[in-house]
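Here the structure is laid out as structure tokens; the discussion comes afterwards.
Whatever order the structure lists them in is the order used to number ligands and atoms, beginning at 1. The analysis underlying the following values was restricted to heavy atoms, covering all of them including side chains, and did not include hydrogens, waters or symmetry mates. These figures come from a predicted structure and were not determined experimentally.
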Amino acid sequence: MLIAFILVHIRRIIINIPFNLPYLTGAEESYLLEALRSREHCGNREFAQKCIALLQERYGFGSVFLTPSCTAAMEMGAILADLQPGDEVIMPSYTFSSTANAIVLRGARPVFCDVAPDTMNIDVSRIEALITPRTKMIAPIDYAGIPCDMDAIQQIAGKHGLTVMQDAAQSLHSIYRGKPCGSQAPLAAFSFHESKNFSCGEGGALVVNDPALVERALILQEKGTDRALVLKGAKSKYSWVDLGSSYLLSDLLAAVLLAQLQQAEEITVQRSRITEAYYRLFTSYEQKGCLSLPHPSDDVTLNHHAYFVIFDRTESQQLFLSLCRQKSIYPYTGYLPLHSSVMGRKFGYQPEDLSLTEALASRIVRLPFYTDLQGEQLEYCLEGMQGVLGRIYPC
Ligand SMILES: Cc1ncc(COP(=O)(O)O)c(C=O)c1O
């Protein structure tokens, strides 16, 4: 009895289930060394070109610009979309600050929309009611890697003459109705932050599917200069021709990214086991009405970026978090809605303006999710959560 008790505690001390842990494929070191030794470390060099070619070929993207982050990619996208002061952009409140910042930095105004509980993505049925003569863009996100309803969004955008920038930070390798996420909207932004399925520490990509925007994107990425023309041999000297910034990913990071992108399929298969395991664990609690789970539609294929659970009450959410922590398992509460944040209030929003988003955010939990969460670690995590659920919902 005593030995069993000691063993349980030793296991608890040894095993620690963080919320996230970057994965290593094994090829990163040699690629990184190769990039280092090439003495060509700036943006758009050999490894960047390989990443770009792979992304275009595998996912059918238009032009791809590797950037220092998804945040930077969206800032670039907002300039390309020609957002002006006073313009309005419809976006979910349930997202990361970067989606809104890209808009606000142009002097435009975020108009927050509620989300649908089965995916936590923008509730498409509420978009049209938010359109005004000032609306210029819709900026949906693919929460937890679940594709938003891009056909419906594009259809609304087309009907009202709006553009779309998809915050696809979490959804590389997810597929919506046979089309890879990021291949449909005129602009889409991805993240390669260490918390993502395929990462290089910090990194991102802007996909420009509208060919009319490509020339300006080349200039924006290169500090507002026409350096790309010099590199192509079309000009002998480059000069300052437009707005811009340093929206480039170093080739050292592109080398790490290439290793990860090349193994996207293997990574996704490994991650799918975590989704299945969580689904098996939580589904009976959903059937009993204790909580609800993500329900992506049948016509999407997931990249298994994340898994979330929406508890019946905030008290259950809080208890789940604290009891898991006692077992060295670290789920996370997810985003705080943007509309009721300090910045959101400056735009005139009150929490009750999007009461559904507010309620869901106060009950949601994102579960630990990383590619290496397999075998004994996954078992420990599931057993631990099973015990916690038994305490919250005894029956
Ligand atoms: C939906 C969403 N958008 C944007 C970002 C920002 O990505 P990055 O850290 O690459 O700038 C994140 C990061 O987690 C995100 O989840």
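Note on residues 115-144: pairs passing ring-ring contact (aromatic ring centres under 6.0 Å, His included), not counting sequence neighbours, are Y94-Y143, Y143-F308, Y143-Y335.
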Considering only N or O atoms, set out every pair between ligand 1 and the protein closer than 3.5 Å, with distances to one decimal place.
residue, atom, partner, partner atom, Å
ligand 1, 3 (N), D167, OD1, 3.2
ligand 1, 3 (N), D167, OD2, 2.6
ligand 1, 10 (O), C70, N, 2.9
ligand 1, 10 (O), S191, OG, 2.7
ligand 1, 11 (O), C70, N, 3.3
ligand 1, 11 (O), T71, N, 2.9
ligand 1, 11 (O), T71, OG1, 2.5
ligand 1, 14 (O), K196, NZ, 2.7
ligand 1, 16 (O), Q170, NE2, 2.9
ligand 1, 16 (O), Y335, OH, 2.9

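For the pair K196 and F192, the cation does not sit on the ring face, since its NZ or CZ is not both under 6.0 Å from the ring centre and inside 45° of the axis.
Within 6.0 Å of the CD atom in Q377, the count of heavy atoms belonging to other residues, nucleotides or ligands exceeds 12.
Looking at residues two or more places apart in sequence or on another chain, you find a side chain to side chain contact (heavy atoms under 4.5 Å, CB included) between A72 and T67, P68, S69, Y247. Under the salt bridge (charged side-chain N to carboxylate O under 4.0 Å, His left out) criterion, E40 pairs with R45, not counting sequence neighbours.
Taking the centre of each ring, F347 and Y349 stay at or above the 6.0 Å mark.
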